[in-house]
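Taking it in order: structure first as structure tokens, then the write-up.
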Amino acid sequence: MNVLPGFFFYLLSAIILGGAILTITRRNAVHSAIWLIVTLLGVAGIYLNQHAEFLAAVQVLVYIGGIMVLFLFVIMLVNLDEAAKQRQFNHQWTIAVGCALALMAELAYFIVKGRESFRFGDTGTGTLNPDAAVIEFLKSCRDIPGLGPGGFLQPNTELIACALYRDYLLPFEIASVLLLVAIVGAVVMAKKEI
Amino acid sequence: MPLPFIVITLIKAIVVLIVLMTVAAYLVWFERKIVARIQNRWGPTRVGPFGLLQPLADAIKLLTKEDFTPAGVFRVPYLLAPALSLTVALLAFAVIPFGPGFQIADLNIGLLFILAISSMGVYGIVLAGWASNSKYSLLGGLRSSAQMISYELAISLSVVGVLLLGGSLSLREIVSAQSGVWGLVPRWNVFPQLVGFFCFFIAAIAETNRLPFDLPEAETELVAGYHTEYSSMKFAMFFIAEYTNMVTASCMATILFFGGWHGPVPSFLPAPLQAVVPLFWFSLKVVLFLFVYVWIRGTLPRFRYDQLMSFGWKFLVPLALINLVVTSFVIALRA
């Protein structure tokens, strides 16, 4: 049974990579969008495989249920017949290959260099095994309703809440103000008179 | 994963599926009868007593009709769209608790799961509209995507108040938190969250594309909207998906705001019958909500498209936000 998490990991990775390649090679923009949706679903599957259920649900809710619907909406509104006739790739293969190789070398270097720091939890057993630091962290969060003594079955929603609203409150608020600025900017640009 | 667990889950899923399909089929009959009564007609009377066999006749008709694929459609998305609609509609029932223990899977993020799944429901409609390669279908698909995104926001915001009261994302725990009474009234979320319930139910009607928000398939202007080019079983799949979504929305209203399987009065039945009491209350509430659905359909005229959008964004979303702020403020004060 221990083979299953690995199997799903590789299956989902294949779906993600295949979907990503199809996203950039399709001529029809709607097809590209559909493959991007498949890719994002694969990422949600990876989260689920790592027992990050909250993250998986939010991934589906925000990216697939929100952003990609808007993408499709715009693609369908805009007439893309002209774009489909254009040449799809330009002649900058050499530069692209160089960039890709440099990125690959960089990633490989970091993975080889830092392989000691990768820890693999017991995936697929249905429980997270938080280490001592995480348990301390959970205890330090004030009264978490779903967590009884030793109840570490579902800490991921609470953990994210603690991280976002306590430890990283300032960056979180800055990010939300940034988004607000973007929204106001979009409204100002779209409206002729306010 | 042990074998008995898989077998039991499979049996549960099959039972839920059979019951659900029956409910969806008879919901059509129920709707036709009640709308007929509202409009001073008889409704279906010919097939069986009170037209009770009408759903069977409809099913036979839809199954045996020619499965026609128009020329010029984008084949794969065209075939995929109805299946996607139905699959997504049925998936939501994996986490809905019908009674204590009567639940296929108790996810710790059950509520988010339902929101995520129902947010994917729009793809069936959008893809159907696009793949049909017809202007009516495309307009229907575009309308539905705009409508569903707008009203999803209101649904999510109105549900957060319930989350704050229940303290959990698990549907079973949300229902458990609503047991007991305050004096004479049961501890249902609808009493402290009346505004939230109002927003939720209106947005749920819009989310399921029902009158008065059925702009995606407004037959006076769009023929039949996104399913104009569909016939036979493929049309039936959209149809079943829509009615299944109605049942899901009613179940969610029951679970989140009306105490789920908890009855308003203590049970006095003998012990062997005690097990079915929660199921009875749950079904009764769901049927009541379905009746309200049909009632609204029979009473109200359809919105205009700009009215629909401005109602969603300028009234429902701000109202849900205010409700959220007030609720969290009160809870923070009492903590």
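Letters go in sequence order (proteins before strands), and every chain restarts at 1.
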Considering only heavy atoms, which portion of B/Leu115 lies under 4.5 Å from any heavy atom of chain A: side chain, backbone, both, or neither?
both

Interface moiety of B/Leu169 toward chain A, non-hydrogen atoms closer than 4.5 Å:
side chain

Let me know if A/Leu70 has heavy atoms under 4.5 Å from chain B in its side chain, its backbone, both or neither.
both

Between chain B and each of A/Ile37, A/Ile34, A/Val62, count heavy-atom pairs under 4.5 Å; write down the option with the most.
A/Ile37

Is a side-chain N or O of B/Lys12 found less than 3.5 angstrom from the main chain of B/Gln103, in a donor-acceptor match?
yes

Region of B/Val126 that comes under 4.5 Å of a non-hydrogen atom in chain A
both

Does a side chain donor of either B/Glu207 or B/Ser118 reach within less than 3.5 Å of an acceptor in the other side chain?
no

Check for a donor-acceptor pair, side chain of A/Tyr109 on one end and backbone N or O of A/Met104 on the other, with a separation under 3.5 Å.
no

Do the ring centers of B/Phe74 and B/Tyr78 come within less than 6.0 Å of each other?
no

Please state whether the side chain, the backbone, both or neither of A/Ile64 comes within less than 4.5 Å of a heavy atom of chain B.
both

Please say whether more than 12 non-hydrogen atoms of neighbouring residues, nucleotides or ligands are located less than 6.0 Å from OH in B/Tyr305.
yes

Any sub-3.5 Å donor-acceptor pair from B/Gln147's side-chain atoms to B/Asn209's backbone N or O?
no

With only heavy atoms counted, which part of B/Leu138 is less than 4.5 Å from chain A, the side chain, the backbone, both or neither?
side chain

